[in-house]
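Everything on this sheet refers to the single structure shown next.
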Amino acid sequence: MSPRRNRPRGGESPPDSAGVAGDRYGGGGRSEDWQGEEWSVRPVSGASAAGKRYRCPGCDQEIPSGVPHLVAWSEYGGIDDRRHWHKACWNAKDRRTTRVQRSRNAPRH
């Protein structure tokens with residue numbers, strides 16, 4: 001028996017897997033509707049932000065330097081309105097409470 005072929009037969013081209021990787025980290029941005037506003041969402045690879053740390057508004061946890069994440073801002077906001085989110089936190093933004101619950105000893109940044 002011959003080994004399995006991992007590429008399509010004939011003149012078919014393989015599915016565009018390069019676009020998936022580009023969309024995941026460092027690809028082009030997109031526009032989303034959230035809470036009645038248009039938001040620009042752009043993936044960030046994290047490699048260009050060496051030494052920088054951000055605080056995710058979704059979970060109030062720090063995003064360490066070099067970690068891939070998203071940057072989101074309102075279409076009507078300025079450059080100071082950009083927020084850095086964990087990808088999972090952005091995807092779960094509708095399931096989160098409006099106020100982050102902190103423990104008594106947690107720092108307030």
### Query
Can you name the residues that form a side chain to side chain donor-acceptor pair (under 3.5 Å) with His84, not counting sequence neighbours?
His69

### Query
Tell me, do Lys93 and Arg95 make a side-chain contact under 4.5 Å, heavy atoms counted?
no

### Query
Is there a side-chain contact between Trp34 and Asp94, using heavy atoms and a 4.5 Å cut-off?
yes

### Query
Considering residues at least two apart in sequence or located in another chain, which fulfil the side chain to side chain donor-acceptor pair (under 3.5 Å) criterion with Glu38?
Ser31

### Task
Indicate, with yes or no, if the rings of Trp85 and Trp39 have centres closer together than 6.0 Å.
no

#### Entry: salt bridge (Lys or Arg N to Asp or Glu O under 4.0 Å): pairs with one or both residues in residues 61-78, sequence neighbours excluded
Arg53-Glu62

### Message
Using a 6.0 Å distance limit plus a 45 degree cone around the ring axis, check whether Lys87 lies over the aromatic ring of Trp90.
### Response
no

### Query
Does a side-chain heavy-atom distance below 4.5 Å link Cys56 with Cys89?
yes

#### Entry: Side chain proximity check, His86 to Ile63, heavy atoms < 4.5 angstrom
yes

### Query
Checking side chain to side chain contact (heavy atoms under 4.5 Å, CB included) for the pair Arg55/Asp60: CA distance, chi angles, key distance, verdict?
CA-CA 6 Å; Arg55 185 156 301 273; Asp60 201 39; 3.2 Å; yes

